[in-house]
Amino acid sequence: QVQLVESGGGLVQAGGSLRLSCAASGRTFSGYAMGWFRQAPGKDRQFVAAHSWNTGSTYYADSVKGRFTISRDNAENTVYLEMNSLKPEDTAVYYCAAALSLVGLRKMDGMTLWGKGTLVTVSS
C-alpha cells in the first residue's frame, strides 16, 4: 500500500523554525515530483513548495520564498520542508504530495497522492 506519512509539525513561536518530514512507503518515488501544500482553517488547500524529479528544480509559493526550503533524500524515500522565520499566517495543516507530473502536482489533479497532514501552529 502506497503511503505518505508526514511528521515534524507542532507549536512554535513566530520567528522560529520547524522541519517537516514526509516518509514515502509502498513503492519507490523515483520519477515522482514531490511537494508540500497547506490548508488553514476555513481556507482552500494551497501550494507551498515542490521538487521536480526530472530537473531537480524547486518551486515555491511567493509567500514562503526565502523562508522555506524543500529537499528530498531519494535513498530514504523522504522529502523535507525546512521552515524558518515562521509567521502566524503559516499556521495550517501541511500535506505532503506526490505525482508523476509536476504540473499535475501543482494543480492537485486526481493522480496526486496525499498524506494525512501534520499541524503547524505559529503563535504570535
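From a predicted model like this one, the values you see are computed outputs, not experimental measurements.
- In plain terms, the two heavy atoms of Pro88 and Ser124 that are nearest each other are CG-CB, 3.9 Å.
- With Phe47 as reference, Phe37 is the one residue of Tyr59, Phe68, Trp36, Phe37 to meet the ring-ring contact (aromatic ring centres under 6.0 Å, His included) rule.
- A single hydrophobic cluster is seen to contain both Leu100 and Leu113, as judged by linkage of ILVMFWY side chains at heavy-atom distances under 4.5 Å, directly or through other members.
- The two residues Leu105 and Gly35 have their closest heavy-atom pair at CD2-N, 3.8 Å.
- Residues Ser123 and Leu11 meet the side-chain proximity criterion, which asks for heavy atoms closer than 4.5 Å.
- Using a 4.0 Å cut-off between a side-chain N of Lys or Arg and a carboxylate O of Asp or Glu, Asp90 and Lys87 do not qualify as a salt bridge.
- Linking ILVMFWY residues whenever their side-chain heavy atoms come closer than 4.5 Å, directly or via other members, places Tyr60 and Val48 in the same cluster.
- Without hydrogens or angle criteria, Asp109 side chain to Thr112 main chain gives a donor-acceptor distance under 3.5 Å.
- Under a hydrophobic clustering in which Ile, Leu, Val, Met, Phe, Trp and Tyr are joined whenever their side-chain heavy atoms come within less than 4.5 Å, directly or via other members, Val12 and Tyr94 fall into the same cluster.
- The heavy-atom pair separating Ala92 from Ala40 by the smallest distance is CB-N, 3.8 Å.
- Under a 3.5 Å cut-off, the side chain of Thr78 and the backbone N or O of Glu76 do form a donor-acceptor pair.
- Gly9 and Leu20 make their closest contact through N-CD2, 3.6 Å (heavy atoms, listed as atom of the first residue, atom of the second, distance).
- Note: Tyr95 and Trp114 have perpendicular aromatic rings, judged against thresholds of 30 and 60 degrees for the angle between ring planes.
- For Arg27 (side chain) and Val2 (main-chain N/O), no donor-acceptor pair under 3.5 Å exists by modelled atom type.
- For Tyr80, there are no ring pair (Phe, Tyr, Trp, His ring centres under 6.0 Å) partners, not counting sequence neighbours.
- Scanning all heavy atoms of the two residues, the minimum distance from Met34 to Ile70 falls at O-CD1, 3.8 Å.
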(request) Please lay out, stage by stage, how Val64 and Arg38 fare under the test side-chain contact (heavy atoms from CB on, under 4.5 Å). (result) CA-CA 12 Å; Val64 306; Arg38 67 187 181 186; 4.0 Å; yes

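- In this structure, CG in Leu81 is found 11.0 Å from OG1 in Thr118, a value given to the nearest 0.5 Å.
- Aromatic rings of Phe29 and Trp53 (six-membered ring for Trp) have centroids beyond the 6.0 Å cut-off, not under it.
- Note that OG of Ser30 is 6.0 Å distant from CG of Asn74, once rounded to the nearest 0.5 Å.
- A distance-only check finds a donor-acceptor pair linking the side chain of Glu6 to the backbone of Cys96 [under 3.5 Å].
- Side-chain contact between Met83 and Val122 is absent, with no heavy-atom pair separated by less than 4.5 Å.
- There is no side-chain donor-acceptor pair under 3.5 Å between Arg72 and Tyr32.
- Annotation: the span from Leu102 atom CG to His51 atom NE2 amounts to 10.5 Å, rounded to 0.5 Å.
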